[in-house]
**Q** 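Here's a structure for you.
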Amino acid sequence: MSRFATAKHKRVIKQSKGFRGRANRCYRVAIRRLEKSWQYAYRDRKVKKREFRKLWIQRLNAGVRQHDVSYSNFINMQSKSGVLLDRKILSGLAMYEPFSFKAVVDVVKMTAAAGTGK
Amino acid sequence: MSFPGLAVQRTWHLVDAANQTVGRLATTIAPILRGKHKPTFRPNGDCGDYVVIINADKVGARRWHVLGVARVGSFVPSFLPSFLHLKIIHNLSFPPRQVQLTGKKWSDKIYRWHTGYPGGLKQRPAREMLERKPTEILRKAILGMLYRNNLRQSYMEPRLKIYAGEEHPHTAQLPRGVAEGVMKVPRKRVGGYHFGLKKYSETPFQVGGAKGGKV
């Protein structure tokens, strides 16, 4: 094995840390798993954005239901209310700042009530 | 499976299953076990609550009598003799009996399982399940609505406590003064869990000087 091949192999195996079985030790198995992992990474960079939005929505749903409204109605009211906070920020508020979140929910509800009252 | 770094607060919920429909009750309980009613929900970490269900054998009964089955909206002539006991949905108030399965599910719903041995397919209709293991009806319904992942068996399943009668050994864990009973209208899933903020949602929101609307 020439030293160039060894260097190349070492570089590959170094990237395959944590893989299952012989893929973290042997070059031939590792290179295949690595290429697959690169494919997954490419795909999941796009999926990550979807997954997080899903999580924000689930959390928003839970948080908003504590204030007597459902997620669907809340989003409807929020889009008409001029509150520009997005789901990421709103779900963060719901998790860690419950009183600020309640304030936002109240504003949204008020503008909705005012809008329909007119 | 990662564990939440911050301490997860788990509360105990008490549910009275008498006169509730099995599936609709399970729909409200399964998210609690998973923790989806909390804004701090994490799908990868176990963040659900404990649920204690009592009166699981008294899950309400709309039972179609053997003699006659009246479908919803069907016309029932008034001259029928009273001993026929035709039960019509939406009309009568039944003596509360057991966990509710609508339609003919008491006789037609069959629980099946395989023991692993050849020829070991066993089955049992819901009626018999109620006699032998009344808690299993609700348990199967609820667990069937949970995710089939690693969290389920080790964490969510042990947190579901079902008892057939009124007594349960968890009075020490339940919050004091907990009002018994889950929401009587199972579909209404908003506003049930306030985690202490309810007194704030009752006060009207004041916008500096302007008259605040009722929230």
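Worth saying up front: this structure is predicted, and the values here are computed from it rather than measured. Residue numbers start from 1 in every chain, and the chains themselves are labelled A, B, ... in the order their sequence lines are given, proteins ahead of strands.
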**Q** Should the heavy atoms of other residues, nucleotides or ligands under 6.0 Å from CG of A:L84 be counted, would the total exceed 12?
**A** no
**Q** Kindly write out the residues that satisfy salt bridge (charged side-chain N to carboxylate O under 4.0 Å, His left out) with B:E128, not counting sequence neighbours, or none if the list is empty.
**A** B:R132
**Q** Taking atom NZ of B:K161 as the centre, does the number of heavy atoms from other residues, nucleotides or ligands within less than 6.0 Å exceed 12?
**A** yes
**Q** Listed by chain and number, what are the salt bridge (charged side-chain N to carboxylate O under 4.0 Å, His left out) partners of B:R124, not counting sequence neighbours?
**A** none
**Q** Taking atom CZ of A:R20 as the centre, does the number of heavy atoms from other residues, nucleotides or ligands within less than 6.0 Å exceed 12?
**A** no
**Q** If you look at every heavy atom in B:P39 and A:A62, which pair is closest and at what distance?
**A**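 That would be N-CB, 3.8 Å.
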**Q** Give the interface residues of residues 30-60 of chain A toward chain B, defined by a heavy-atom separation under 4.5 Å.
**A** A:L55, A:Q58, A:R59
**Q** Using the test ring-ring contact (aromatic ring centres under 6.0 Å, His included), find all partners of A:F19 that sit at least two apart in sequence or belong to another chain.
**A** none
**Q** CD/A:Q66 to NZ/B:K38 distance, rounded to the nearest 0.5 angstrom?
**A**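 Those atoms lie 10.5 Å apart.
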